*Asks:* 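Sharing a structure below in structure tokens format, with a few things to ask.
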Amino acid sequence: MQVDKEICMHCGACVGACPNNAIFLYETFIEFNQNCINCKLCIKVCPVGAISEG
Ligand code: SF4
Ligand code: SF4
């Protein structure tokens, strides 16, 4: 997963939706870690379409 930092508004929705604690929200950016299981829930919940595969 990757996030477009120009689009992300740091709402935290993806962090709450992730079933595997693979996303961390910092003040101005989010970061994915190796816990990601590619379920793509974060892509679905992001209100601005900032997350994509890759
Ligand atoms: S794809 Fe699933 S496991 Fe990976 S960061 Fe998104 S919600 Fe979490
Ligand atoms: S849900 Fe989208 S806009 Fe909100 S923090 Fe995650 S990537 Fe950023």
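Because the structure is predicted, anything quoted here is derived from the model rather than measured. Just so you know, ligand 1 is whichever comes first in the structure, and atom 1 is the first atom listed for that ligand.
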*Asks:* For the residue pair C14 and I30, what are the closest heavy atoms and their distance?
*Replies:*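 So the two residues come closest at SG-CD1, 3.8 Å.
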*Asks:* May I ask you to decide if the ring planes of F29 and Y26 are parallel, tilted or perpendicular, using 30° and 60° as cut-offs?
*Replies:*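 Judged by the thresholds at 30° and 60°, the geometry between F29 and Y26 is parallel.
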*Asks:* With atoms numbered from 1 as shown, which atoms in ligand 2 lie under 4.0 angstrom from a non-hydrogen atom of P47?
*Replies:*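 Listed by number with element: 1 (S).
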*Asks:* Under 3.5 Å, side chain of N20 to main-chain N/O of A22, donor-acceptor pair present?
*Replies:* no
*Asks:* What's the separation between atom CD in E53 and atom SG in C36, rounded to the nearest 0.5 Å?
*Replies:* 9.0 Å
*Asks:* Numbering the atoms of ligand 2 from 1, which are under 4.0 Å from a heavy atom of C46?
*Replies:* 1 (S), 2 (Fe), 3 (S), 7 (S)
*Asks:* With atoms numbered from 1 as shown, which atoms in ligand 2 lie under 4.0 angstrom from a non-hydrogen atom of V48?
*Replies:*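 Ligand 2 atoms under the 4.0 Å threshold to V48: 3 (S).
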*Asks:* Give a yes/no verdict on whether any heavy atom in I30 is under 4.0 Å from an atom of ligand 2.
*Replies:* yes
*Asks:* Just wondering, is there an N, O or S atom on C14 that's nearer than 2.8 Å to atom 6 (Fe) of ligand 2?
*Replies:*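 Looking at C14, which is the residue asked about, there is an N, O or S atom under 2.8 Å from atom 6 (Fe) of ligand 2.
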*Asks:* Return yes when P19 approaches ligand 1 closer than 4.0 angstrom through a heavy atom, no otherwise.
*Replies:* yes
*Asks:* Give the atom numbers and elements of ligand 2 that come within less than 4.0 Å of a heavy atom of M9.
*Replies:*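 Taking each heavy atom of M9 in turn, ligand 2 has 3 (S), 8 (Fe) under 4.0 Å.
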*Asks:* Around atom 4 (Fe) of ligand 1, find the nearest protein heavy atom and jot down its residue, atom name and distance.
*Replies:* C36 SG, 2.4 Å
*Asks:* For N38, which part has a heavy atom under 4.0 Å from ligand 1: side chain, backbone, both, or neither?
*Replies:* backbone
*Asks:* Nearest protein heavy-atom contact for atom 6 (Fe) of ligand 1: which residue, which atom, what distance?
*Replies:*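 Protein heavy atom with the smallest distance to atom 6 (Fe) of ligand 1: C42 SG, 2.3 Å.
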*Asks:* Looking only at protein heavy atoms, which one is nearest to atom 3 (S) of ligand 1, and how far off is it?
*Replies:* I37 N, 3.4 Å
*Asks:* Measure the distance from atom 8 (Fe) of ligand 2 to every protein heavy atom, then report the residue, atom name and distance (to 0.1 Å) of the closest one.
*Replies:* C8 SG, 2.4 Å
*Asks:* Is the shortest heavy-atom distance from the side chain of N38 to the side chain of M1 under 4.5 Å?
*Replies:*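 Of all side-chain heavy-atom pairs linking M1 with N38, at least one is under 4.5 Å.
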*Asks:* Among all protein non-hydrogen atoms, which one is nearest to atom 1 (S) of ligand 1, and what is the separation to 0.1 Å?
*Replies:* K40 N, 3.1 Å
*Asks:* Numbering the atoms of ligand 1 from 1, which are under 4.0 Å from a heavy atom of F32?
*Replies:* 5 (S)
*Asks:* Taking I43 as the starting point, is it possible to reach V15 by hopping between hydrophobic residues whose side chains are less than 4.5 Å apart?
*Replies:* yes
*Asks:* Considering non-hydrogen atoms of the protein only, which is the closest contact for atom 2 (Fe) of ligand 1, and what is the distance?
*Replies:*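 Nearest neighbour among protein heavy atoms for atom 2 (Fe) of ligand 1, to 0.1 Å: C39 SG, 2.2 Å.
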*Asks:* Quick one: NZ on K40 to SG on C46, what's the gap to the nearest 0.5 Å?
*Replies:* 16.0 Å
*Asks:* Of all the atoms in ligand 2, which lie at a distance below 4.0 Å from a heavy atom belonging to I51?
*Replies:* 7 (S)
*Asks:* Would you say C18 reaches atom 2 (Fe) of ligand 1 with an N/O/S atom under 2.8 Å?
*Replies:*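 Short answer: no, not a single N, O or S atom is under the cut-off.
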*Asks:* Test of understanding: clusters of I, L, V, M, F, W, Y form through side-chain heavy atoms closer than 4.5 Å, transitively. Do L25 and V3 belong to the same one?
*Replies:*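 The answer is yes; both residues are in one hydrophobic cluster.
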*Asks:* For ligand 2, note which part of I23 has a heavy atom under 4.0 Å away: side chain, backbone, both or neither.
*Replies:* neither
